[in-house]
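Here the structure comes first, spelled out in structure tokens, and everything after it is commentary.
Within every chain, numbering begins at 1; the chains are lettered A, B, ... in the order of the sequence lines, protein sequences first and strands thereafter.
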Amino acid sequence: MTPDTTLFRPTSKADLDAVAARWHEGQATKKHQLLVCAGAGCVSSGCHAVKHALLAAIKDAGLGNDTVVHETGCLGSCALGPTLVVQPDGVLYTELKPEHMKGIVKQHLVHHEVVEAHCWVDPATKEPVPLLSDIEFFHRQTRLVTARCGSTPYASIEAYIASDGYQALAKVLAGMTREQVIQEMRASGLRGRGGGGFPVGAKWQAGFKAKGAEKIVVCNADEGDPGAFMDRSLLEGDPHAILEGMLVAGYAIGASQGYVYVRAEYPLAVERLEVAIRQAREWGLLGPNVMGTPFAFDVEIRIGAGAFVCGEETALMHSVEGKRGEPRQKPPFPFERGIFGKPTIINNVETLANVPVILRNGGAWFASLGTPKSSGTKVFALAGKIENTGIIEVPMGITLGEVVHDIAGGIPKGKRFKAAQTGGPSGGCLTREHLNTPIDYDSLVHLGTIMGSGGLIVMDEDSCMVDVARFFLDFVQDESCGKCVPCRIGTKRMLEILTRITKGQGKEGDIDLLEELAANCRETSTCGLGQTAGNPVLSTIRLFREEYEEHIRDRHCRAGVCSDLFKSPCQNACPAGVDVPGYLALIAAGRPRDAYYLVRRENPFPAICGRVCTHPCEDKCRRAQLDEPVAICDLKRYAADYVFANDEPHRDLVFPKKAESIGVIGAGPSGLTCAYYLARLGYGVTVYESLPVAGGMLASGIPEYRLPKEVLAKETRLVEQVGVRILTGVEVGKDVKFEELQKKHQAIYVATGTHFPNKAEIPGEDKAGIAHGVSFLREANLGRAVEIGSNVVVIGGGSTAFDAARTVLRLGAQKVTVLYRRQVEDMPADPREIKEAREEGVEIIPLVAPVEFLGNGSVTGVRCVRMELKGFDDGGRRKPRTVPGSEFVVEADMVIPAISQHSDLPFIDRDEVQLTKWGTLVVDKETMMTRKPGVFSGGDVVRGPDVAIQAIADGKRAARAIDRYLGGTGVLNKGEEIPIPRPVDESDVAEHERFPMRFLDPESRRKGFQEVAAGFHRLNAIAEAMRCLRCDRR
Amino acid sequence: MLVQVTSPPPPPVTTCKCGEATEEEKLARIGEVVEAFRDKPGSLIQILHLAQGIYGYLPIHVQRLVAEKLDIPVSEVWGVTTFYSFFSTKPRGEYSIRVCMGTACYVRGGMEIVKRLSQTLGVGVGETTPDGKFTLEVMRCIGACGLAPALLVNDRVVRQVNPDKLNRVLALCG
């Protein structure tokens, strides 16, 4: 926008007001203002093409006189770009393409109808939300510094002035002394936003007092923290605000020269800032007589050249002087001796953008925002594993949980929050236990991290914290200027250690060495880069020490990132270490029998697990990044079913018999697995099971329609075939004493699981008609008679709850309702089970907790109270809280509370073993032995209620441990090796969702206990297996 | 207090158009740039940006030219050139593919992209393909974190790169 030919130069507030009035008048003649976001992110997403199409569409519709199109700075919702905001309606359109413009112009501008197809869709409700003010991401923010970004054209100085621009400067020049300005800044409590958090008023005071004829103001726009892009957005979206801030600073300290040091990676910011500088000079707001006063101030841009260390003030000053960006000792501080020896004040972009806001509204007003010691707001750059990446501005003191879950939309793909990195390479992590922490300068330091410049990187369970530390060290090592020994060599050594650990070459003592080196760097480095280089390492060691230890001791990376430690992420995620890519390749090659036996090397129960496993492998499947995870679990079932249908004897290696024998208590998955592997080593094994049938929870807990008895029986028989003796109907402690077993066997494996249901502990629990989850299921699954109500309520959200609900439905209940205290997406049960249950007619009422069981003798209903979610618990899940006065009654003639289980060990002397407070057995992590020599334990009885594959993995480990205890090598007999087809390289991988498996329809399902999942058709199985990307290729 | 009102022209941070000018022409242009900045203290970095924009990279003979014209030791120019990652003493390929290795891009799979590109192009990080077409580099955070994982093809930012669809990225380079 060129100024008037009379070269208008405002010299007072009244002049500025006149400019503003003229601008508003001009805008008011337009029916619509269309704001196209032109932040760097949207530019990369093609917003310019969208804008051109928009202009063309407006012209074609003849609306040129009624509409004006502006390019604004970053709206903040980067992943939704390109965006368009239609004012005065306040409607937001997202993810736009040029071809959408004709339709939007026609429908919205001509016909005044919102185009819902291009509105933002709320992922929770799946409904479009047209108004900006209704979208949580926006309305939860407090946009002071970023107010113009997204609402005002950045390239127009008139628009800037019309939105209170340069009012602060006018106020200052009209009648404030320099001391008054500094006083206002002190009163505001503004602290440096670049990361140091140093009080700005105090810094300006020092600049004011410094002696020197020429002083310099510097804006530090070398935003180098990876993951931080707030300053960039401010420079590109509201460049005049930074100039105004610098002008006020220059006035306050007595400087006439300003530099903006911008990193070379931001050419767009440089471009827009240059335009703003030119405009400011033309309007007399920069130059020898600012606003017609004797105050002279001008600004020059200096571009960096790619050095993170130049964000440090002394390094920055050397770079402005055209030298190597090496830092120097402080004192002397910049205000004493700065650029070219002159007193220099250096402030961050966001800090300077706050200055006009403070001077306009007053320091006291600013101090009332945020927290007492951290006033005002902070701009954060949200990035990493969250739904809504982008820029937000929130008051200091907001909690981490609110930022991550409410504003950023939570973690995508149903994954769990693991950590949030703040402060870039100088910072540390916050974890689930900190979700209720208010964010301000001091609270973060207290927690071992720093605010930093505002980059907030969110990580989920797929991030390895050791690898994250290594990443930051790699960065710091690269960016170290090399001047001082502790940083140059210290960071290199730390990096070497971390790299070794991620490659499986970690040693005992590495963690201590890292801590020592980090402390050394902190205490002896010249500048902030070296001093804080160890922070990410120290923070992750403190909060995730087990991960470091797992890498070093077990050579295991639980996140599935350090690829030198595993074959493929899926195999790494399987507690039993099944060779997943191997068996998928065999199925794809038409060799399902070999696939079955390959699985059986690591897991004796493929047919069972293929039906009931929680498949942690699929959660790490890299195919999910392309379309959907491969159906690893269902394919295992396919291979097993094929073998059962075409039964042939299988050749196997058999070890000669040993003298020793082992007693296993409990024929569940853990006990049977342990027995299986020990028998294959030649030991005599006897399994003692108290129920009339083997299987443990697989027999008593999982209903027929999920796991047919026939399948369980087949795989149990295979265990017996290797020589295991299973004695059912024998309860240890009653039918045979534990001491007898100890005499008979050289080792004992206790795997009795958790079969005792937890009580709800609310009044009325002893009424008739209340049957607790696992007990009810046991009776039903063993074919014993059970009383069924017609209106049944189930309490709980795990597999037991849904198994009970669907069983009771099949046994004749008319109506089944599941009550859960959290939301459906928080339920531990598999989403497939929840979906199938709903299809069969089961209703779910979320956010409800039982308070009392009603009735006289027999239950007639449950009094419940509604729950709301506020804050977060230690596990990172939202905490449910009762809503007072919201009680209501759910009628029921049968209630099944299914709220987890506990174990009981009546046959063991409590004094001889150690128990946790939940009643589970304590064992040595390495040897799996209890305090009683020769007595081992694993599975749920040690872990608490857990999943089958974990119990199986424990059984395997126990077999190894027992073999070693009895003098063996601990190497298992897994059978013959099976050659696996080599991966074939595809030039381009085509997207395809999962090939479908067959299921019984819901109506047929309800009538009986037929298996719900009918398995793969052969062709679909082969096709599905071919979707595997063979991440095991090397 | 009189203050200088002019500011130097923005350095173009793009790859050179080497094919268009002769060696003499390029060196002459670099000489002109140095002249323009001679009286401004602290301009070495800005000069080197412009010189690299003209010549494509900063070999020792270009550094010598700058040093002579500024009347400073060539060791000082060498020291600044090798300190900053933007300056290269080796020629770059026609297309510089710079994969962002900022935290957000890293967390969203940046390493995988580097590995695949390295495999596909047959070069390591920092190297140029023998035909001079591609240079593969790793970049520090480019500030497009909302679009992670990102990479630059020359100046163009490519957003939300999929490691399985890298052929599309390479197709942008013709």
Checklist entry - In terms of heavy-atom pairs under 4.5 Å with chain A, which of B:Ala150, B:Cys105, B:Gly109, B:Ser85 leads? => result B:Ser85
Counting heavy-atom pairs under 4.5 Å to chain B, which of [options] comes out on top?
| options | answer |
| --- | --- |
| A:Met459, A:Gln421, A:Met230, A:Lys323 | A:Lys323 |
| A:Asp467, A:Asp231, A:Ile391, A:Val561 | A:Asp467 |
| A:Ser463, A:Cys481, A:Gly384 | A:Gly384 |

Is [X] close to chain B through its backbone or its side chain, or both, or neither, when contacts mean heavy atoms under 4.5 Å?
| X | result |
| --- | --- |
| A:Glu479 | side chain |
| A:Val458 | backbone |
| A:Phe475 | both |
| A:Phe472 | side chain |
| A:Ser77 | neither |
| A:Arg278 | neither |
| A:Asp460 | neither |
| A:Ile277 | neither |

Item to check | B:Lys40 and A:Glu300: CA distance, side-chain angles, deciding distance, salt bridge (Lys or Arg N to Asp or Glu O under 4.0 Å) verdict | outcome: CA-CA 12 Å; B:Lys40 284 190 67 54; A:Glu300 231 183 83; 3.1 Å; yes
Item to check | A:Tyr261: partners by side-chain hydrogen bond (donor to acceptor under 3.5 Å, both in side chains), with sequence neighbours left out | outcome: A:Ser319
Checklist entry - Non-hydrogen atoms of chain A under 4.5 Å away: do they reach the side chain of B:Met101, the backbone, both or neither? => result both
Checklist entry - Looking at B:Gly42 and A:Arg302, what are the two nearest heavy atoms and their distance? => result O-NH1, 3.0 Å
Item to check | A:Gln625 and B:Asn162, any side-chain heavy atoms less than 4.5 Å apart | outcome: no
Checklist entry - How many angstroms lie between OG in A:Ser563 and CE in B:Met111, if you round to the nearest 0.5 Å? => result 9.0 Å
